[in-house]
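Single-structure report; data block below.
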2 protein chains.
Amino acid sequence: MSLRNTRQRSAVSALLAEVEGFHSAQDLHAMLRDRGERVGLTTVYRTLQGLADAGEIDVMRPPGGEHLYRRCSEGHHHHLVCKACGWTVEVAGPAVETWAERVAAQHGFTNVSHTLEIFGTCPPCSP
Amino acid sequence: MSLRNTRQRSAVSALLAEVEGFHSAQDLHAMLRDRGERVGLTTVYRTLQGLADAGEIDVMRPPGGEHLYRRCSEGHHHHLVCKACGWTVEVAGPAVETWAERVAAQHGFTNVSHTLEIFGTCPPCSP
DNA sequence: GCGAGAACGACAATGATTGTCAAAAACGCA
DNA sequence: TGCGTTTTTGACAATCATTGTCGTTCTCGC
């Protein structure tokens, strides 16, 4: 399978490289429109899905509903997310990684991946 | 807030006590219908939500789509889920709990919760 | 037994995501 | 550079779990 370089794919990648934090597909689509880029919503969804599959961006499924996408630093890590304002901090947890793999191995599981999100209230949002 | 005991709430609780593994709201609703219990789908959703809020059942949001509910053992724990057949194992990880709280505290976060799911392929489903 | 308030449930509404398919663009090759 | 093949695009429709609505029904304390 060969991936072709298209204007739309570049635009999405470029946008993700510039923005901070998590954004929904619809957010990103709106931003592209504001920039004058003409990209269809369907294409934004598919492009994000492709990037996520390729491991180039992170996907988060907050309890609230829509999927959020974000360009992240390299390597595996997790997120500490403020329930109130959405502000996120990347956290690394080597101990957790090894723990997860060990537990999975104990039960004979292979091809293991995992998701971990920590939710809380950040200092500015505390009453 | 006072929770009232209704036939429907009892039916949902009883069903959850009997079935194994995770089931979607629609699944559970169908099972109730098969039993002859007349419960509305809306009510099943609301009841499950209430039970989840009360911490009596677990909610899982698999990448596939719908929410899955399950009556779980007491105490905080996580799940090791087979991507192929859905078979799940409960796993406890005290180390992870303390790690999550410590990380959150380091960043000044309060009111902390977290979600952790491990996905893999269980032995019977391995090729 | 009674009444206020909670819960129910049929139905409509929401809204993110996915499918469709003809038109357009990209790439390999000569 | 020109051409044909194959992928990609994107407007629109379709899907589908979940949530809102609101009149009716049921609980529970008194």
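Proteins get letters first, then strands, A, B, ... in listed order; numbering begins at 1 in each.
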CG of B:Asp27 to CD of B:Glu66: how many Å apart, nearest 0.5 Å?
->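 Taking CG in B:Asp27 and CD in B:Glu66, the distance rounds to 7.0 Å.
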With rounding to the nearest 0.5 Å, note down the distance linking CG in A:Leu80 to CD in B:Gln106.
->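 That separation rounds to 10.0 Å.
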Atom [atom1] of [X] to atom [atom2] of [N]: distance rounded to whole Å?
X       : N      : atom1 : atom2 : value
B:Leu48 : D:dA17 : CG    : P     : 14 Å
A:His29 : C:dA16 : NE2   : P     : 13 Å
B:Asp27 : D:dA17 : CG    : C1'   : 13 Å

Contacts of B:Gln26 that satisfy side chain to side chain donor-acceptor pair (under 3.5 Å) - sequence neighbours left out =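 Result, side chain to side chain donor-acceptor pair (under 3.5 Å) vs B:Gln26: B:Tyr45.
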Hey, are the side chains of A:Glu18 and A:Met31 touching, using non-hydrogen atoms and a 4.5 Å cut-off?
->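 They are not in side-chain contact.
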Using a 4.0 Å heavy-atom cut-off, write out nucleotides 17-30 of chain C from 5' to 3' as B (base contacted by protein), S (sugar-phosphate only) or - (no contact).
-> BBBB----BBS---
Ring pair (Phe, Tyr, Trp, His ring centres under 6.0 Å) partners of B:Phe119, counting only residues at least two apart |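 Result, ring pair (Phe, Tyr, Trp, His ring centres under 6.0 Å) vs B:Phe119: none returned.
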With sequence neighbours excluded, residues passing ring pair (Phe, Tyr, Trp, His ring centres under 6.0 Å) with A:His114 =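 Partners of A:His114 under the ring pair (Phe, Tyr, Trp, His ring centres under 6.0 Å) test: A:His76, A:His78.
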Residue pairs, two or more places apart or on separate chains, that pass salt bridge (charged side-chain N to carboxylate O under 4.0 Å, His left out) and touch residues 99-126 of chain B =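 Passing the test, one end in residues 99-126 of chain B: no pairs.
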So B:Arg61 and B:Thr115, side-chain hydrogen bond (donor to acceptor under 3.5 Å, both in side chains) or not? Walk me through it.
-> CA-CA 10 Å; B:Arg61 295 163 60 61; B:Thr115 66; over 6 Å; no
Residues touching DNA chain C, which here means a heavy atom under 4.0 Å, drawn from residues 8-18 of chain B |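 When residues 8-18 of chain B is checked for heavy atoms under 4.0 Å from DNA chain C, the hits, listed by number, are B:Gln8, B:Arg9.
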